[in-house]
Q: 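Please read through the structure below; I'll follow up with questions.
Residue numbers start from 1 in every chain, and the chains themselves are labelled A, B, ... in the order their sequence lines are given, proteins ahead of strands.
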Amino acid sequence: MKYDPQKLEAKWQSFWEKEKLFKVREDPLKEKYYLLEMFPYPSGKIHMGHVRNYTIGDVIARYKRMCGKNVLHPMGWDAFGMPAENAAIENKTHPAGWTFDNIKAMRTQLKRLGFSYDWDREFATCDPRYYRWEQLIFLKMYEKGLTYKKKTFVNWCEKCQSVLANEQVENGCCWRHTDNEVTIKEMDSWFLKITAYADEILDFCEKLSGWPKRVLTMQKNWIGKSYGAIIKFPIAGSDKAIDVFTTRQDTLFGVTFLCLAPEHPLVKEIIKGLPQEKDVLEFVERILRIDNYVRTADFTEKEGVFTGRYCKNPVTGEEIPIYVANFVLFDYGTGAIMAVPAHDQRDFEFAEKYGISLRVVIKPPDSDLREEDMNEAYVDEGILVNSGPFSGERNLKALDNITEYLESKGAGFKTTNFRLRDWGISRQRYWGTPIPIIYCDKCGTVPVPEKDLPVILPLDLDLRSNGGSPLPFDPLFYETTCPYCGGKARRETDTMDTFVESSWYFERYTCPGYEQGPLDAEKVDYWMPVDQYIGGIEHAILHLLYSRFFTKALRDLGYLKISEPFIKLLTQGMVCKETKKCPGHGYLYPYEVKDGRCVLCNKEVITGATVKMSKSKKNVVDPQILIDRYGADTVRMFCLFASPPEKDLEWSDKGVDGSYRFLNRVWRLVTDQIDELSKVTAYDGKGVLKDESKALYRKTHLTIKKVTADIENRFHFNTAISAVMELVNEINQLLNSKGDDKAWPVVRKAVETAVILLSPVAPHISEELWQMLGYEEKVIDLAWPSYNEEVLEIENRLIVLQVNGKVRSRIEVPASYGKQEIEEKALEDERIQKFINKKPIKRIIVVQNKLVNIVV
RNA sequence: GCGAGAGUGGCGGAACUGGUAUACGCGCUGGAUUUAGGAUCCAGUGGGAUUUCCUGUAGGGGUUCAACUCCCCUCUCUCGCACCA
């Protein structure tokens, strides 16, 4: 009988679906295990990255289920977002239709891969039954002051025709359009107060021991907490003061000028009527036209302009000039800095350029430092000089002392500062969750009353050809009445950032149909937190930071009790493949290359670097084609076998053949021997075995131990699979050996074990073979096999014999031998005697059960 | 520049607390079977040397009876951050 994956996989998939085998509900008697993979954007087709991500998850889910856990393993759709709008304009369809068609296609593909999802929990975030609760959460946050609106400088992506959050800007470009530079616009935007949780998010980083260190490091850097002080510098000839944030209060006596960010509101105020006014305004305008990336890049020269005004150093009373400088960031600290050119390299360069004097206030512990000798700033630790009452103190000690002094004089205070900004969620897009706010001329900004939720996104609109949102042009949507005064009012036409949907979907999976609120407390409390989350490293900051914030905010709104959503996080590597390039046609798809030549022009094809699979590089493999050719089990197995999950996976068509061959070997192992195997039951450990079958029985237990440890401790499925391969090889060897002791019960035990151990990886073939072996019960319902340490014990142990650390011989000794006896046997060994060659023995090291090293 | 991680056959990768380096798979070589191809099965496969030896985990040094593994230096690559005051 031939291995026919298409037929048998269809059989088991329809069985699982019919039986609703993976449907779960809360069960207080069982230990829960919530396993989650990042849900996909419904782009239309699954790609290899999805296959890898979801296969890793499925193996864990099936394994945990066999270990007796109550496993929640849901799937759904991150269904709002720009691609739907673009596709709709291109194909003259509607985003909703496009999205639901894609969902249908991708659902079919996921089912074809045999993933063990509880499909009854599936939802799409573009469904009002989902986003209505998001709108409610928004309103609850608004009540608590966690949502607010402000006019500010925001990142604008021309291609998105929309605003972006800080996290969504990479190297000055949009995270979606990495070739499109983000510009700065001043706009009204809604913000979520993630900064209110900055400290807690940061503190909890220490408790997330199940997360990769580098993800936590990235988050910590992004939050960017620093300890310092705010110091007030009174402006000369004014009753106002400039607040400056610094972490170097110890250098306060060395301040020789101040710099403001070009956006700083005081700039316009202090230059009014001065001869410098025109120059300063021109400078500010010029700098603001430069986008943020270029402005803050390290190749951009520091420049500034004197405002004509001075302020007073609060400790020396000295008057120091105020400059506006391009390198001062408006949204970090207070948007103003005190400059200490003697002890800060940036300030040093700036001072040199504009002829501003230096003042040394820290000297090295064992030498002196003079301004005129300096050609760079002195930034190391040292002793304070020229610092009034603090002269002579070590600079680190003076940090606190100077702050206290300032506090006593009311000139400043100790503070911490964060790099993290509030999360701007307004998007000038159509295909997103409407922000439930109404603007009334009389009553101002008014939240939509709860009873009027959801604010439904109208589906009968035509998209605008320039890509902009049609909502501001649809009176049926934006015209409304004020809930307070009943007068004419206008709806907010911006929608929410789609990262809002993905910040709480994992909580909604616990109660997807709940109609009384966003979350059913009982169910959330049972299932949350997610025990294991799996996804790409690209979400290290964006999605994972937002989700942590949301969970804490939902906790404080009373919706759940936990503080962190994900106990363990696995960030899987990318799926890579070599690129192929034709001199005439550029990048080529794999099928456009025949025998190393371009099918279009027959020119020789150049093989390029191995990089992440992407449509733009055309180095993609369509999973569907592989599924059609080899079946789901083979595709699943190769994704796991090629490398451990956290590392990148290099795609290899030959490697897929290898996985397919292995499954065929397993198939034949059962089908070829089915007559003999059917006559016996699996060996149960009772009765004495002969050498060969004893070895196989031991190997069987060894394999259980290895596979269990590899899955349980580190998710290294590649080595788990290779262990099963070894077992299968050993069974075949025994069957091929000439000995007449076939010990069929032991063979049957080994075969059954291989089938079970393989089942999380290749569930279809495993079920089929299991049934063939005569069982009514399904593999998925079996308990994960256990091994017996006693079986692993062996009578004879292989001891490696070394002379001077080099392996010279190997002997077998009874396991009962002590060190003394092993040493004696080692010295008796012929080869060893030859290498000792009658030289005096200096030392003998015996490692029990392993080796003997003789030093001569 | 700062921070993190990595470097092992022709290739993907094993080697868990220092103890047989290269498990498993791919590829390759030879053989069997077959009309042929494919598939399958068997044997071999780090490099060198005419055979029971030398050498080998990016390079150099060190610790140790023993180092892919620990320490120091150098090189290369990947990722993240990068005027954060």
Side-chain angles (χ1 to χ4, degrees), chain A residues 2 170-171 212-218 220-222 224-226 228 244-248 251 259 261 295-302 325-329 331-340 344-347 349-350 417-419 537-538 540-541 573-574 610 637-638 641-644 646-659 661-662 664-665 668 706 709-710 713-714 716 718-726 728-729 732-733 736 798-810 830-831 834 842-856:
Chain A
K2 226 183 124 226
E170 293 170 358
N171 295 325
K213 246 183 43 205
R214 63 182 185 134
V215 174
L216 293 173
T217 308
M218 282 161 74
K220 282 185 217 164
N221 289 341
W222 187 262
K225 184 175 185 176
S226 54
V244 155
F245 174 74
T246 182
T247 55
R248 294 298 306 273
T251 61
C259 288
R295 190 178 136 193
T296 61
D298 59 355
F299 53 78
T300 304
E301 206 183 331
K302 293 173 196 29
N326 64 339
F327 67 92
V328 178
L329 307 171
D331 59 0
Y332 184 78
T334 60
I337 61 161
M338 62 179 218
V340 187
D344 182 288
Q345 189 55 29
R346 293 159 297 177
D347 298 349
E349 286 164 26
F350 192 89
N417 188 60
F418 292 93
R419 203 185 85 113
I537 187 77
E538 66 273 19
I541 293 176
M574 299 178 297
T610 299
M637 191 172 133
F638 178 71
F641 183 64
S643 73
E646 67 279 5
K647 290 217 325 186
D648 285 350
L649 183 156
E650 194 179 318
W651 190 261
S652 150
D653 293 331
K654 292 282 185 191
V656 184
D657 279 330
S659 294
R661 279 207 288 263
F662 173 69
N664 269 289
R665 273 211 301 285
R668 285 194 308 270
K706 168 82 176 150
D710 282 346
N713 302 337
R714 45 179 208 169
H716 276 204
N718 55 333
T719 49
I721 292 168
S722 73
V724 179
M725 286 174 167
E726 282 184 52
V728 169
N729 289 348
N732 275 322
Q733 259 162 42
N736 289 336
L798 186 71
I799 305 291
V800 172
L801 304 183
Q802 299 180 329
V803 176
N804 286 342
K806 285 184 179 165
V807 181
R808 294 303 182 186
S809 183
R810 296 177 174 92
E830 233 176 79
R831 286 179 48 81
K834 188 183 141 203
K842 279 193 201 156
R843 201 171 156 187
I844 299 177
I845 293 104
V846 183
V847 181
Q848 188 85 53
N849 302 334
K850 276 202 172 140
L851 67 82
V852 176
N853 190 10
I854 298 161
V855 188
V856 296

Q: If the glycosidic angle sits within 90 degrees of zero it is syn, else anti. Tell me which applies to B:G9.
A: syn

Q: Using a heavy-atom cut-off of under 4.0 Å over every strand shown, decide if A:V800 touches base, sugar-phosphate, or nothing.
A: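 Base contact - A:V800 has a heavy atom under 4.0 Å of at least one base atom.
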
Q: What's the spacing between A:L851 CG and A:I799 CD1 if we round to 0.5 Å?
A: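 Result: 8.0 Å between the selected atoms.
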
Q: Roughly, in whole Å, what's the span from CG in A:L851 to P in B:A21?
A: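 From A:L851 CG to B:A21 P: 10 Å.
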
Q: What's the gap between B:U55 and B:G9 when it is taken at their C1' atoms, as a whole Å value?
A: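 It works out to 14 Å between them.
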
Q: What integer number of Å spans the P atoms of B:A43 and B:G25?
A: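 One P to the other, the span is 12 Å.
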
Q: Identify the nucleotide, in any strand shown, that forms a Watson-Crick or G-U wobble pair with B:C53, with both distances under 3.5 Å; if there is none, say none.
A: B:G48

Q: Report the base-pairing partner of B:U29 (Watson-Crick or G-U wobble, both distances below 3.5 angstrom), or none.
A: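 Pair assignment: B:U29 / B:A43.
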
Q: Does A:K654 have more than 12 heavy atoms from other residues, nucleotides or ligands lying within 6.0 Å of its NZ?
A: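 Incorrect, the count does not exceed 12.
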
Q: Would you mind telling me which residue lines up with the more 5' stretch of RNA chain B, A:T334 or A:R214, judged by nearest nucleotide?
A: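 Nearest nucleotide further toward 5': that of A:R214.
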
Q: Would you mind classifying the nucleic acid contact of A:N729 as base, sugar-phosphate or nothing, using non-hydrogen atoms under 4.0 angstrom?
A: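 A:N729: backbone/sugar contact only, no base atoms under 4.0 Å.
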
Q: Given atom NZ of A:K647 and atom P of B:A14, what is their separation to the nearest angstrom?
A: 5 Å

Q: Across all strands, who's sitting opposite B:C83 as a Watson-Crick or G-U wobble pair, both distances under 3.5 Å?
A: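 Pairing partner: none.
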
Q: Just verifying a value: how many Å separate A:F662 CZ and A:F641 CZ, rounded to the nearest 0.5 Å?
A: 9.0 Å

Q: Within the pair A:N221 and B:G3, is there a side-chain N or O less than 4.0 Å away from OP1 or OP2?
A: no

Q: In whole angstroms, how far is the C1' atom of B:G18 from the NZ atom of A:K850?
A: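 Rounded to the whole Å, the gap is 10 Å.
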
Q: A:D648 near the nucleic acid: base, sugar-phosphate alone, or nothing, with a heavy-atom cut-off under 4.0 Å?
A: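 The residue A:D648 makes sugar-phosphate contact but no base contact.
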
Q: Let's test this: given Watson-Crick or G-U wobble pairing with both distances under 3.5 Å, identify the partner of B:A58.
A: B:U74

Q: Check the phosphate of B:G25 against A:R665, side-chain N and O only, distance under 4.0 Å to OP1 or OP2. Yes or no?
A: yes

Q: Using only side-chain N and O atoms of A:K806, determine if any of them is under 4.0 Å from OP1 or OP2 of B:C53.
A: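 No, because none of the side-chain N or O atoms of A:K806 sits under 4.0 Å from OP1 or OP2 of B:C53.
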
Q: Within the structure, does a side-chain N or O atom of A:R419 lie under 4.0 Å from either OP1 or OP2 of B:C83?
A: no

Q: Counting only Watson-Crick pairs (N1-N3 plus N6-O4 or O6-N4) and G-U wobbles (N1-O2, O6-N3), all under 3.5 Å, who is the partner of B:G37?
A: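 Across any shown strand, B:G37 pairs with none.
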
Q: How long is the span from the CG atom in A:L216 to the CZ atom in A:R214, to the nearest 0.5 Å?
A: 11.5 Å

Q: Does A:R661 contact B:A39 through a side-chain donor or acceptor facing the base, at a distance under 3.5 Å?
A: no

Q: Taking the same atom, C1', in B:G10 and in B:C28, what whole-Å distance lies between them?
A: 8 Å

Q: NA contact type, A:T719, heavy-atom cut-off 4.0 Å: base, sugar-phosphate, or nothing?
A: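 Sugar-phosphate: the residue A:T719, judged by heavy atoms under 4.0 Å, touches backbone atoms but no base.
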
Q: Using a 3.5 Å distance criterion without hydrogens, assess whether the side chain of A:D347 forms a donor-acceptor pair with backbone atoms of A:V340.
A: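 It does hold such a pair.
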
Q: So which nucleotide from B:C24, B:A14, B:C83 ends up closest to the side chain of A:N326?
A: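 Ranking B:C24, B:A14, B:C83 by closest atom to the A:N326 side chain puts B:C83 first.
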
Q: Nearest whole Å is fine: how far is B:G12 P from A:M725 CE?
A: 17 Å

Q: Rounded off to whole Å, could you give me the CZ-to-P distance for the A:R346 and B:C2 pair?
A: 16 Å

Q: Please pick, from B:U20, B:C41, B:G12, the nucleotide with the shortest atom-to-atom distance to any side-chain atom of A:N736.
A: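 The closest nucleotide is B:C41.
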
Q: Looking at A:R668, does any N or O in its side chain come under 4.0 Å of the phosphate oxygens OP1/OP2 on B:C41?
A: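 Checking A:R668 against B:C41: at least one side-chain N or O falls below 4.0 Å of OP1 or OP2.
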
Q: With a non-hydrogen cut-off below 4.0 angstrom, is A:V724 in contact with a base, only sugar-phosphate, or nothing?
A: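 Nothing, no heavy atom under 4.0 Å.
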
Q: For B:U34 versus B:C68, give the span between their P atoms, rounded off to a whole number of Å.
A: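 Nearest-Å result for B:U34 against B:C68 at atom P: 49 Å.
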
Q: Counting only Watson-Crick pairs (N1-N3 plus N6-O4 or O6-N4) and G-U wobbles (N1-O2, O6-N3), all under 3.5 Å, who is the partner of B:A67?
A: none

Q: Looking at A:L801, A:V800, A:V803, A:V852, which hits side chain to side chain contact (heavy atoms under 4.5 Å, CB included) with A:S809?
A: A:L801

Q: Go nucleotide by nucleotide along RNA chain B from the 5' end; which of A:F245 and A:I845 gets its closest nucleotide reached first?
A: A:I845

Q: Just checking A:I854: base, sugar-phosphate only, or nothing, at a heavy-atom cut-off of under 4.0 Å?
A: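 Result for A:I854 = nothing.
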
Q: Hey, what do you get for CG (A:D344) to CD (A:E349), rounding to the nearest 0.5 Å?
A: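 Reported to 0.5 Å precision, the distance equals 9.0 Å.
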
Q: Sticking with atom P, work out how far B:U78 lies from B:C71, rounded to a whole angstrom.
A: 25 Å

Q: Taking only side-chain nitrogens and oxygens of A:S226, does any of them come within less than 4.0 Å of OP1 or OP2 of B:A85?
A: yes

Q: When all nucleic acid strands are considered with a 4.0 Å heavy-atom cut-off, which category describes A:Q802: base, sugar-phosphate, or nothing?
A: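 The residue A:Q802 makes base contact.
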
Q: Working to the nearest 0.5 angstrom, can you tell me the gap between A:M637 CE and A:M725 CE?
A: 3.5 Å

Q: Please measure how far the P atom in B:A58 lies from the corresponding atom in B:A14, and state the result in whole Å.
A: 15 Å

Q: Identify whether any heavy atom of A:G658 sits under 4.0 Å from a base atom; if not, whether one sits that close to sugar-phosphate; answer base, sugar-phosphate or nothing.
A: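 Here A:G658 touches the backbone only, sparing every base.
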
Q: Are OP1 or OP2 of B:A85 and a side-chain N or O of A:R248 less than 4.0 angstrom apart?
A: no

Q: Measure from the side-chain heavy atoms of A:K213 and tell me the nearest of B:C24, B:G5, B:A14.
A: B:G5

Q: Please check: side-chain N/O of A:N417 versus main-chain N/O of A:T334, any donor-acceptor pairing under 3.5 Å?
A: no

Q: Checking all strands, does A:V847 fall into the base, sugar-phosphate, or nothing category for heavy-atom contacts under 4.0 angstrom?
A: base

Q: For A:N718 and B:A14, is the shortest distance between a side-chain N/O and OP1 or OP2 below 4.0 Å?
A: yes

Q: When you measure from the side chain of A:V328, which nucleotide among B:G13, B:A85, B:A21 comes out closest?
A: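 Per side-chain heavy atoms of A:V328, the pick is B:A85.
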
Q: What's the CZ-C1' distance between A:R810 and B:A21, to the nearest Å?
A: 11 Å

Q: Look through every strand shown and name the nucleotide pairing with B:G12 as Watson-Crick or G-U wobble, where both distances are under 3.5 Å.
A: B:C24

Q: Specify the separation, in whole Å, of atom CG of A:D653 and atom P of B:C11.
A: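 Result: 19 Å.
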
Q: Could you go through A:Q802 and A:I845, starting from their C-alpha distance and side-chain angles, then the distance that decides it, and tell me whether this counts as side chain to side chain contact (heavy atoms under 4.5 Å, CB included)?
A: CA-CA 10 Å; A:Q802 299 180 329; A:I845 293 104; over 6 Å; no

Q: Could you measure between the two C1' atoms, the one in B:G46 and the one in B:G61, and give it in whole Å?
A: 25 Å

Q: For the C1' atoms, the ones on B:U22 and on B:A15, what distance do you get once it is rounded to whole angstrom?
A: 8 Å

Q: Measure the distance from CE on A:M574 to C1' on B:C77 and round it to the nearest whole Å.
A: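 After rounding, the gap between these two atoms is 13 Å.
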
Q: What's the closest nucleotide to the A:T246 side chain, out of B:A85, B:A4, B:G19?
A: B:A85

